[in-house]
Each structure stands twice: as structure tokens, then as C-alpha cells.
There are 2 protein chains.
Amino acid sequence: MQLLEERIKADGRVLGDSVLKVDNFLTHQVDYKLMKEIGKQFAETFADAGITKVVTIEASGIAPAVYVAEALDVPMIFAKKSKNITMNEELLTAEVYSFTKQITSTVSISRKFLSPDDKVLIIDDFLANGQAALGLIKIIKEVGADIEGVGIVIEKSFQDGRKSLEDAGYKVVSLARVAKFEDGQVVFAQADA
Amino acid sequence: MQLLEERIKADGRVLGDSVLKVDNFLTHQVDYKLMKEIGKQFAETFADAGITKVVTIEASGIAPAVYVAEALDVPMIFAKKSKNITMNEELLTAEVYSFTKQITSTVSISRKFLSPDDKVLIIDDFLANGQAALGLIKIIKEVGADIEGVGIVIEKSFQDGRKSLEDAGYKVVSLARVAKFEDGQVVFAQADA
């Protein structure tokens, strides 16, 4: 997605070897216009998939995901992230390890919001090691719903998240793919849409 | 806001004396159509206030706030909530005590996203004791920006958040005001918009 790559070039900040800060338009301050375009792009890509629910994880996934939901005219569900959660039958949960923060969180979705008839599109702001998406996949499979794909705003293609998801049989669509950082600049790989 | 009150009556669940669950359209599953209407309503109410930024707190505030930002054509910033945050000069922070969860969190916003020229509209999903909004106000005042008002989706009018904010001199606009719960049903007070 050219608009997104241009925005990353203009406003993203490379920190060290593996961190890309996009807090001025995605992860802290949010540019609704860009979110709207992102929503339209994913909706176009998954137009024929019969999506019934968009699922993301709090917090940075919410803004892009709600615009994907709008463009597809379906509800959006955001999974909750918590360090200590009271397990109960109403909650679907998965453990997610964050390599960046080096903590394990429990992500959860209320069982009542998913059914075996659902066709789910997972949306997240970043794909690095794929742990968050794999956690959501585990939850969604537990109710027997179909997962039509994983839509990512920014993929770090030098980490193994995409491979993990594709090896598990899931379609990954990333709007920007960061191949590497060179002299503090982002070098993109060919995006999926 | 009649549409919102009707939705709360239809889909909200009263738990015990003081809890109203609206997880099927606002706090977990999100109805983008309702969020869009909420955005338009706040934008109309604050049309003449010259708002330059919408500020909320992760996570449930994000969906309504981004649609308010869209309707006002300004950026949205969501404050981060964390139990242990590394303080630094770039971060504006405030301690926020949650009566529900009985924990103190630190909310933070990067200083670079606010300036003394900003006219801020604070948006949140719920107003109970007002601690979250007061935390945001402290942060925003620290940079010298103006706070034009606090826009709340659902106010629990039987708690003292509104009084705290009004006593401190801030305009509060709540789209639904819950006066009390009676036999498991919500009784509304007159909403502000």
C-alpha cells in the first residue's frame, strides 16, 4: 500500500536494529484518514471471503480494525490482554509471549461473540514473531470458526511471524513489509496489497 | 442520544448494584455504526469549540474517539495505561486509581503530541468516579493546552465523576446518563446531547 509506505518513510523512526516507531500515526497518535484507507484496502482484498467478524487485540489494533469492520460492514471484536485473568467457561483464552516486552500475557475473547458459522479476518498493527496472531488463531479455532486470513498493517519481514502463520496454513496480507533497516532508513519488501 | 439509550436498553446487562455491561457494542465487540453516530453527535456538540485534538485512554475509548476525530477532522491520541512505566522527560504522566479494579495505573502521553496551542476534547467510554478523565486533564494542562470539554459515552450519574469534573471547571457532555438501576433495568437521567 503505497500511501502507507510513504507515511512510514516520512514519519516512522528507526530505533536500533529492529524497532520501528510509528507512534505519530498508528500506535499512539492516530491518523483516522490513513486508518480509513487501510480499512478500505483490506476490505477490497477480502471482498470475496464472506467475512462476518473482524478480530484484533487491544490497543493499537483497534483503530485500523474498526475501519476494516466498517468497510466490510461487520462487527469488530478486540481481544483483551491481561497479565492475570480469571479463567471461566465464558472466556476463550490463549497465552501470548511478547519477545519485545519479555512477558507472557493472556489474551481473551468472550465465547458468545464467536460461533462456528463465523468467517473471521484477524487484523493487527504489527507482525513480528506472530505470537499475538497465533494466540488469536488458537482462540478462534476453539469455537470452530473459519479464519479467512490475517491482515497486517506493518510486517517486519526479517522476523519469522509470517513464516509461522503461513506454515500453519493461514493467508497473510501485509500492507507494508519491512525487509530491513539500512542507515536508519526502512527498506521495503513487496507488499501484499 | 436516543439511539444510544435504546441500544443500552436492548443490549446492556445490569450486574449487581453498579455494573452495566455493554460488551456487545462498545467495550469488547464494537458496533462501528453506533460509533460513527456517536462521533457525529460529539462533533456537532463541539462544532464551535475549535477542537484540534481528541484525547482518550486505551482501550475502550479508542473506537468512539477515532470516530469523533473523523467527524471533527483532527488527530486522535490515546493515552497508554501501564502499571510500571519508565518515566522520562518525553512522557506526560498521571496516576489514575480505578475503584472497580482497585489498582493504580499510570497513564501517559508523549509530550510531542500536545502543544500549548491545542484545544482538546477528551473522550471516554464511561464516566464513574472521573479518575481517568482527571488524569488526562492533569496531563493536558501540563503542556498548557486548553481543554474544551469531556465527552462521555455512558455516564453513571449516581457516582461523583461528573461533579468532580464540573467542580474543576470542565464542561461534561454525556450521551447517555444512567440515573440508577431498578429491578435489573437502567433508568436514564436527561442526557446532554
Side-chain angles (χ1 to χ4, degrees), chain A residues 11 13 21 23-36 38-39 43 52-84 86 90-92 101 103 107-114 118 123 125, chain B residues 11 13 21 23-36 38-39 43 52-84 86 90-92 101 103 107-114 118 123 125:
Chain A
D11 286 343
R13 284 178 303 137
K21 270 234 171 193
D23 59 353
N24 44 9
F25 61 88
L26 179 59
T27 60
H28 188 11
Q29 181 169 255
V30 175
D31 176 354
Y32 79 86
K33 280 194 200 102
L34 184 62
M35 298 303 114
K36 225 178 160 68
I38 285 170
T52 61
K53 299 271 166 66
V54 169
V55 170
T56 189
I57 300 196
E58 63 180 11
S60 305
I62 295 175
V66 76
Y67 280 102
V68 178
E70 175 177 338
L72 288 167
D73 193 18
V74 298
M76 182 272 278
I77 299 160
F78 61 94
K80 312 276 184 153
K81 205 165 19 181
S82 170
K83 250 174 275 179
N84 32 18
T86 317
E90 288 178 9
L91 282 186
L92 303 159
K101 296 181 185 165
I103 53 165
V107 297
S108 64
I109 293 181
S110 287
R111 188 178 287 272
K112 64 181 172 186
F113 294 130
L114 290 170
D118 274 322
I123 295 290
D125 56 334
Chain B
D11 286 342
R13 285 178 304 137
K21 270 235 173 194
D23 59 353
N24 43 10
F25 61 88
L26 179 58
T27 59
H28 188 10
Q29 180 169 255
V30 175
D31 177 355
Y32 80 85
K33 281 195 200 99
L34 183 63
M35 297 305 113
K36 224 177 160 68
I38 285 169
T52 60
K53 298 271 166 68
V54 169
V55 170
T56 189
I57 299 197
E58 63 179 13
S60 304
I62 294 174
V66 77
Y67 280 102
V68 178
E70 176 178 337
L72 288 167
D73 192 19
V74 298
M76 182 273 277
I77 299 159
F78 61 94
K80 311 275 184 153
K81 204 165 22 182
S82 170
K83 251 174 273 179
N84 32 15
T86 317
E90 288 179 8
L91 283 186
L92 302 159
K101 297 180 185 166
I103 52 163
V107 297
S108 64
I109 293 181
S110 287
R111 188 179 288 270
K112 63 181 171 187
F113 295 130
L114 290 171
D118 274 322
I123 294 290
D125 57 332

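Residue numbers begin at 1 in each chain, while the letters A, B, ... track the order of the sequences.
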Original post:
Can you check side-chain contact (heavy atoms from CB on, under 4.5 Å) on Lys112(A) and Asn24(B), steps first, answer last?
Top reply: CA-CA 9 Å; Lys112(A) 64 181 172 186; Asn24(B) 43 10; 5.6 Å; no
Original post:
Of the options Val66(B), Ile62(B), Val54(B), which is the one that meets Val30(A) in a side-chain contact (heavy atoms from CB on, under 4.5 Å)?
Top reply: Val66(B)
Original post:
At a heavy-atom separation under 4.5 Å, does Val55(B) approach chain A through its side chain, its backbone, both, or neither?
Top reply: neither
Original post:
So which of Ala69(A), Ala63(A), Ala59(A) has the largest heavy-atom pair count under 4.5 angstrom toward chain B?
Top reply: Ala59(A)
Subject >> Side-chain touch Gln29(A)/Lys53(B), heavy atoms, less than 4.5 angstrom >> reply: yes
**OP:** For side-chain contact (heavy atoms from CB on, under 4.5 Å), just list the numbers for Met76(A) and Asp31(B), CA-CA rounded to whole Å, side-chain angles, deciding distance to a tenth of an Å, and then say yes or no.
**Re:** CA-CA 7 Å; Met76(A) 182 272 278; Asp31(B) 177 355; over 6 Å; no
Subject >> Close side-chain approach of Glu58(A) to Glu58(B), heavy-atom, < 4.5 Å >> reply: no
Original post:
By a 4.5 Å heavy-atom criterion (distance strictly below it), what part of Ala79(B) contacts chain A: side chain, backbone, both, or neither?
Top reply: backbone
Original post:
Which bit of Leu26(B) comes within less than 4.5 Å of chain A, counting heavy atoms only: side chain, backbone, both or neither?
Top reply: backbone
Original post:
Between the main-chain N or O of Ser110(B) and the side-chain N or O of His28(A), is there a donor-acceptor pair closer than 3.5 Å?
Top reply: yes
**OP:** Return the minimal non-hydrogen interatomic distance between Phe113(A) and Asp23(B), and the atom names on each side.
**Re:** CZ-O, 3.1 Å
Original post:
Are any non-hydrogen side-chain atoms of Pro75(A) and Tyr32(B) less than 4.5 angstrom apart?
Top reply: no
